[in-house]
Amino acid sequence: MEKVFGLLGHPVGHSMSPLIHNNAFLKLGIEARYHAFDVKPEFVKEAIDGIRALNISGCNVTVPHKIAVMDFLDEINDEALQIGAVNTIVNKDGKLIGYNTDGRGYVKSLLDETEEDIREKSVLIIGAGGGARGVVTALLRHGVGNIEFTNRTIEKTIPLVKLAKEFHVPSATIEKEVAEENLINYDVIINTTSVGMSPNIHHSPLSLKLLKTDTIVSDLIYNPLETKLLQEAKERGGKTVNGIGMFVNQAALSFEHWTGVKPDITQMKKNVLQQLGGTTC
Ligand code: ATR
């Protein structure tokens, strides 16, 4: 019988998850369908009950439900607990288990695209929301040299500094202007905020005037493919990594949790680029 997978979010109209997962099911000959469900915040519990009642095999969870769903699952794996959010649900014989593949998806894309060893590197994180928490947890689990945090609301970086301490990784909070003056200190700069996302494509979260040429600058945003931050980094000789890799790698890791099979990440990337109207290389 055809298995059913889905996405719980609000809104979900522009999500590219159905496209990439349905394509992967088709390519791999897996009898399954993936559907985006627009779930209003007041119906999160009912949506999870629905997974059980309809025997849906698995789901992704996106904004704004990644934290809310946690209350209604049977088990949450360690990494998702540490991040404090779930983006993947697996229905294992009626037991709903929560995972989070966002951070690991990001770190995999960073390593694949830069072919750099980041274990000794100095990292600057811009932002302190849910996206930052996933990325920082995965970076700390992987290993980094040291990590600094800057955010519009500076107090929100405190839990991230605390998390780094748990991993015995040196860390600090830094004002944006101070970071901008000291860009020479960083090997990797990662934007986890929504600043620069379409339609606000002329905004950038950080001035890169003092960027050193071999710094990796990365943005979780993939629409536009090249944010103002990445454009500036390129102009100054930095290496850039956009958000597509994270998107497809988190999807691929979810797919693997559900099916036990690794999908073709290059194909997933092509699907997303085609949908965005970019190149297909
Ligand atoms: P997500 O789950 O996508 O990370 P979030 O938890 O709402 O979303 O976090 C959004 C991040 O982008 C935060 O770091 C936020 O800064 P604040 O903590 O000060 O709110 C940051 N952000 C959003 N809009 C911003 C803006 N216009 N300028 C600077 N930072 C912004």
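Both counts, for ligands and for their atoms, begin at 1 and track the order of listing. Atom set for the values below is all heavy atoms of this structure, side chains included, hydrogens, waters and symmetry mates excluded.
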Peer 1: Counting non-hydrogen protein atoms only, what is the nearest one to atom 9 (O) of ligand 1? Give residue, atom name and distance.
Peer 2: G129 CA, 3.4 Å
Peer 1: Are K269 and E113 within salt-bridge range, i.e. N to O under 4.0 Å?
Peer 2: yes
Peer 1: Taking C-beta and beyond as the side chain, do Y222 and M246 meet within less than 4.5 Å on heavy atoms?
Peer 2: no
Peer 1: Applying a 4.0 Å heavy-atom criterion (strictly less than), which segment of T153 is in contact with ligand 1: side chain, backbone, both, or neither?
Peer 2: both
Peer 1: Is it true that E75 and K95 make a salt bridge, defined as a side-chain N closer than 4.0 Å to a carboxylate O?
Peer 2: yes
Peer 1: Any idea which protein heavy atom is nearest atom 13 (C) of ligand 1, and the distance to it?
Peer 2: N151 OD1, 3.8 Å
Peer 1: Quick one: do D214 and K212 make a salt bridge, cutoff under 4.0 Å?
Peer 2: yes
Peer 1: Are K239 and E116 within salt-bridge range, i.e. N to O under 4.0 Å?
Peer 2: yes
Peer 1: How far is atom 28 (N) of ligand 1 from the closest protein heavy atom, and which atom is that?
Peer 2: V195 CG2, 3.5 Å
Peer 1: Nearest 0.5 angstrom please: R33 CZ to S57 OG, how far?
Peer 2: 14.0 Å
Peer 1: Which is it for N60 and S17 under the side-chain hydrogen bond (donor to acceptor under 3.5 Å, both in side chains) test, yes or no, and what are the steps along the way?
Peer 2: CA-CA 9 Å; N60 280 131; S17 294; 4.7 Å; no
Peer 1: Given K270 and D264, is the salt bridge (charged side-chain N to carboxylate O under 4.0 Å, His left out) satisfied, shown in steps?
Peer 2: CA-CA 10 Å; K270 273 187 187 167; D264 179 348; over 6 Å; no
Peer 1: Under 4.0 Å and counting heavy atoms only, is there anything from the protein next to atom 1 (P) of ligand 1?
Peer 2: yes
Peer 1: Look only at interatomic distance and state if A128 has a nitrogen or oxygen under 3.5 Å from any nitrogen or oxygen of ligand 1.
Peer 2: yes
Peer 1: Would you say ligand 1 has an N or O under 3.5 Å from any N or O of G130?
Peer 2: yes
Peer 1: Please could you name the atoms of ligand 1 that S194 approaches to less than 4.0 Å, counting only its heavy atoms?
Peer 2: 12 (O), 23 (C), 24 (N)
Peer 1: Of the protein's non-hydrogen atoms, which lies at the shortest distance from atom 4 (O) of ligand 1, and what is that distance?
Peer 2: G131 N, 2.8 Å
Peer 1: Is the F5 ring parallel, tilted or perpendicular to the W258 ring (thresholds 30°, 60°)?
Peer 2: tilted
Peer 1: Show the atoms of ligand 1 that are less than 4.0 angstrom away from any heavy atom in K156.
Peer 2: 17 (P), 18 (O), 20 (O)
Peer 1: Below 4.0 angstrom, counting only protein heavy atoms, does anything approach atom 23 (C) of ligand 1?
Peer 2: yes
Peer 1: Would you mind running through ligand 1 and noting each atom that sits below 4.0 Å from a heavy atom of G127?
Peer 2: 14 (O)
Peer 1: Measure the spacing between NE2 of H203 and CE of M197 and express it to the nearest 0.5 Å.
Peer 2: 13.0 Å
Peer 1: Give yes if a backbone or side-chain nitrogen or oxygen of T193 is under 3.5 Å from a nitrogen or oxygen of ligand 1, and no if not.
Peer 2: no
Peer 1: I'd like to check whether A132 has a polar contact with ligand 1, where a contact means an N/O of the residue lying under 3.5 Å from an N/O of the ligand.
Peer 2: no
Peer 1: Write out the residue and atom name of the closest protein heavy atom to atom 26 (C) of ligand 1, then the distance separating them to 0.1 Å.
Peer 2: R152 NH1, 3.2 Å
